[in-house]
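These numbers were taken from a predicted model, which means no experiment stands behind them.
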Amino acid sequence: MSDTKKFLVKTKDCSVNCRFTVFLKDFKEAVTTAYITSVSKNNPNLTRIETFENTIKICTYNSISFSEYIIPAEIQTDKSEFSEVPNARFNLDLNMLVKIAGAFSGEENISFDVDMEHMVARVSCGNSTLELSIYPDTDFVDFSARMENAESKGIVDTEIIRKTIQFISQFAKKDDVQPNLSLLEFRNGQAVGGTVTALAYVKSEAFKFSLKLRFELLSQMDRFLTHFNNDVELFETKTHYILADENILCGFEKIPYTFPPVEPIFNAPTDSRVLTIDRVSLLKSLTRLSIMSSIKDLIIHITTDSNGRMTLYTQDDKGRKSTDCIDVSVSDTENTEKSFNLILPILLKSLQGSSSEKITMKMIPDKLVILTDERSEGTFISIFTVTVTFEIFAEICVMAAEVSVIEDELIEQNKTKSHAAKKPQKRGFISVIEAVNGKGTPSRSGSTGKAGHPLRGNCCRGEDRGHRGRFP
């Protein structure tokens, strides 16, 4: 169990000159981890170092998160009147500390002589001594208040969280118009995220907590979680989530939005044909076909028959065709071919990062394709909308180029406005939940038919900001 009290120790400026020594290995790990939640482009990139109870704490923050890392230290002071080592804090340039930690590899210890009178920290390691500037404490934001009254929400497994983030982040995109799609949410034993064209869903018994991560945080959390122990404690305050183990803490702000419910997808009737596919064979086939891609969202046309043959066919924007075939297992004996179109890059990403031998594929006819990957960590599901034909897609590519020019003009005209202009949609396919509810079909204009897009349409409706754009 973690204890946030040690992270809540409030130190004050101390003019006492002090010296502390730490293991170089611990120091390198601490500054490398702290660097993830810092603003590396800043010069200086400030980090606060606090000394207390024979430990030092390295603190950093950026616009979306903050972290603290505690390591043991041997601390001395040159003031004999102190019966105990006084707490002190000072700010250094983290970019310089990261470089120093890397330059002195092979040494055992690294020492800091802090001269508060001259605002200099002398770093000694081996036969070298380097001088760093100490920066005023007023330039650093204190995040201690964010951790007060933190309530424990239980232990979470960082490994399954990290794998879930890696899986779902392939589908997620930043959405300024519809912020409740621009996140990854853990809730009710599941994790869900994605866009209107493809969703990622993970079900696991390990998800006994609620947590929402904004899109901008996903990459950062993926890197930060590798530095935690396997089991960490989740804390929650009125404004922040906090993950902490014995020595590391990471906090980030709550968001008011909630990802729309996805249960209607799994309640919809599916086709009788269920395919069992060798994951590696399908991945290799898609990789080969993707070589011929000359446009961003290349369509893959997939046909299956009752004899267990899957044919994959694609063509580029100039009409050059490529095909491949693999063997699959089918659950029915219906002597008919069944075909559908998917966007190749999204399908390709969904298969990467998995170690499963087999995956299953089923269809909601003419609407959705559901890909299920049973892993030891849980059930990983990819949900794709069935997209348009090659001919319509070619028209959409031309339209998209024209829309791009219009978008640029609109952005220029609205730069002075208080809110960003809503960008024209570039879709030639129906959304995932439109497909389930039968609201709209693909059209040559790239619209969703008379029903429109339920997510976009509900963006600004209703008083409950946390549940905007519910799937009907």
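- Of all heavy-atom pairs spanning Phe27 and Val22, the tightest one is CB-CG2, 3.8 Å.
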Report task. List the steps and the verdict of side-chain contact (heavy atoms from CB on, under 4.5 Å) for Thr270 and Met363. Result -> CA-CA 6 Å; Thr270 58; Met363 291 154 279; over 6 Å; no
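- Annotation: side chain of Asp231 is not in contact with side chain of Val156 (no heavy-atom distance under 4.5 Å).
- Residues passing the side-chain hydrogen bond (donor to acceptor under 3.5 Å, both in side chains) test with Thr60, sequence neighbours excluded: Thr37, Ser67.
- Side-chain atoms of Arg309 and Cys325, non-hydrogen and from C-beta on, do get closer than 4.5 Å to each other.
- Ser290 places a side-chain N or O within 3.5 Å of a backbone atom of Thr287 that can act as its donor or acceptor partner.
- Donor-acceptor pairing under 3.5 Å is recorded for the side chains of Asn95 and Asn45.
- With contacts defined as side-chain heavy-atom distances shorter than 4.5 Å, the pair Thr158/Arg162 does not qualify.
- Asn188 CG to Ser210 OG: the interatomic distance, rounded to the nearest 0.5 Å, is 6.5 Å.
- With respect to the salt-bridge test (charged N to carboxylate O, under 4.0 angstrom), the residues Glu233 and Lys153 do not qualify.
- The side-chain heavy atoms of Ile343 and Ile300, taken from C-beta on, include no pair separated by under 4.5 Å.
- The CZ atom of Phe228 lies 9.5 Å from the CD1 atom of Ile161; values are rounded to the nearest 0.5 Å.
- A donor-acceptor pair under 3.5 Å is absent between the side-chain atoms of Ser285 and the main chain of Ser281, judged by distance alone.
- Thr379 and Glu374 are linked by a side-chain donor-acceptor pair at a separation below 3.5 angstrom, with hydrogens and angles left out of the test.
- Side-chain atoms of Lys212 come within 3.5 Å of backbone N or O of Tyr257 as a donor-acceptor pair.
- Remark: Glu151 CD to Glu236 CD distance equals 7.0 Å, nearest 0.5 Å.
- Considering only residues two or more places apart in sequence or on other chains, Asp271 meets the side-chain hydrogen bond (donor to acceptor under 3.5 Å, both in side chains) condition with Lys338.
- The salt bridge (charged side-chain N to carboxylate O under 4.0 Å, His left out) analysis of residues 180-200, with sequence neighbours excluded, yields the pairs Glu185-Arg187.
- Summarising the geometry, atom CG belonging to Leu312 is positioned 9.5 Å from atom CZ belonging to Arg288; distances are rounded to the nearest 0.5 Å.
- Using modelled atom types, one finds a donor on one side chain and an acceptor on the other under 3.5 Å when comparing Gln178 with Asn180.
- Annotation: side-chain hydrogen bond (donor to acceptor under 3.5 Å, both in side chains) contacts of Asn230 (sequence neighbours excluded): none.
- Between Thr276 and Val328 the shortest side-chain heavy-atom distance does not fall below 4.5 Å.
- Using a 4.5 Å cut-off on side-chain heavy atoms (C-beta onward), Thr237 and Ile242 make contact.
- When all heavy atoms of Thr47 and Cys59 are compared, the closest pair comes out as OG1-O, 2.8 Å.
- A donor-acceptor pair under 3.5 Å links the side-chain atoms of Ser331 to the main chain of Ser272, judged by distance alone.
- Residues meeting the side-chain contact (heavy atoms from CB on, under 4.5 Å) test with Asp26, sequence neighbours left out: Phe23, Ile71, Pro72.
- Screening Asp278, Leu275, Leu371 for a side chain to side chain contact (heavy atoms under 4.5 Å, CB included) with Ile359, the sole residue that qualifies is Leu371.
- At least one donor-acceptor pair under 3.5 Å links the side chain of Asp175 to the backbone N or O of Val177.
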Query - Steps toward side-chain contact (heavy atoms from CB on, under 4.5 Å) verdict (Leu289, Thr323) - result: CA-CA 7 Å; Leu289 292 176; Thr323 59; 5.7 Å; no
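- A distance of 9.0 Å separates CG of Leu234 from CD1 of Ile155, quoted to the nearest 0.5 Å.
- Screening residues 198-211 for salt bridge (charged side-chain N to carboxylate O under 4.0 Å, His left out) gives no qualifying pairs among residues at least two apart or on separate chains.
- Atom NZ of Lys284 has 12 or fewer heavy atoms from other residues, nucleotides or ligands within 6.0 Å.
- Nearest heavy atoms, Met361 versus Phe340: SD-CZ, 3.5 Å.
- Of all heavy-atom pairs between Asp305 and Val330, the closest is O-CG1, 3.6 Å.
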Query - Ile370 and Ile265: CA distance, side-chain angles, deciding distance, side-chain contact (heavy atoms from CB on, under 4.5 Å) verdict - result: CA-CA 9 Å; Ile370 302 174; Ile265 296 174; 4.0 Å; yes
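- Remark: aromatic rings of Tyr69 and His227 are distant, center separation not under 6.0 Å.
- Of the possible donor and acceptor atoms, none in the side chain of Asn42 sits under 3.5 Å from a partner among the backbone N and O of Pro44.
- With hydrogens and angles left out, the side-chain atoms of Ser38 and Ser40 include no donor and acceptor closer than 3.5 Å.
- When all heavy atoms are compared, the tightest approach of Val98 to Val31 is CG2-O, 3.8 Å.
- By the 4.5 Å heavy-atom criterion applied to side chains, Ile326 and Met310 are counted as neighbours.
- A distance of 11.5 Å separates OG1 in Thr164 from CD in Gln190, rounded to the nearest 0.5 Å.
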Identify all side-chain donor-acceptor contacts of residues 213-225 below 3.5 Å with residues at least two apart in sequence or on another chain.
| unit_1 | atom_1 | unit_2 | atom_2 | d |
| --- | --- | --- | --- | --- |
| Glu216 | OE2 | Lys174 | NZ | 2.5 |
| Gln220 | OE1 | Ser65 | OG | 2.2 |
| Asp222 | OD1 | Gln166 | NE2 | 3.1 |

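- Partners of Tyr201 under the ring pair (Phe, Tyr, Trp, His ring centres under 6.0 Å) rule, at least two apart in sequence or in another chain, are Phe266.
- Every residue meeting the ring pair (Phe, Tyr, Trp, His ring centres under 6.0 Å) condition with Phe186, not counting sequence neighbours, appears here in chain and number order: Phe207, Phe209.
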All N/O donor-acceptor pairs, side-chain side in residues 345-354, below 3.5 Å, sequence neighbours left out:
| unit_1 | atom_1 | unit_2 | atom_2 | d |
| --- | --- | --- | --- | --- |
| Ser350 | OG | Leu347 | O | 2.6 |
| Ser354 | OG | Ser356 | N | 3.1 |
| Ser354 | OG | Ser356 | OG | 3.4 |
| Ser354 | OG | Asp373 | OD2 | 2.6 |

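- Every residue meeting the side-chain hydrogen bond (donor to acceptor under 3.5 Å, both in side chains) condition with Thr304, not counting sequence neighbours, appears here in chain and number order: Arg273.
- Here the side chains of Thr303 and Tyr313 are not in contact, with every heavy-atom distance at 4.5 Å or above.
- Here the side chain of Asp245 pairs a donor or acceptor atom with the backbone of Asn247 at under 3.5 angstrom.
- Contact record, Ile165 with Leu184: CA-CD1, 4.0 Å, taken as the closest heavy-atom pair.
- Partners of Phe167 by ring pair (Phe, Tyr, Trp, His ring centres under 6.0 Å), not counting sequence neighbours, listed by chain and number: Phe171, Phe380.
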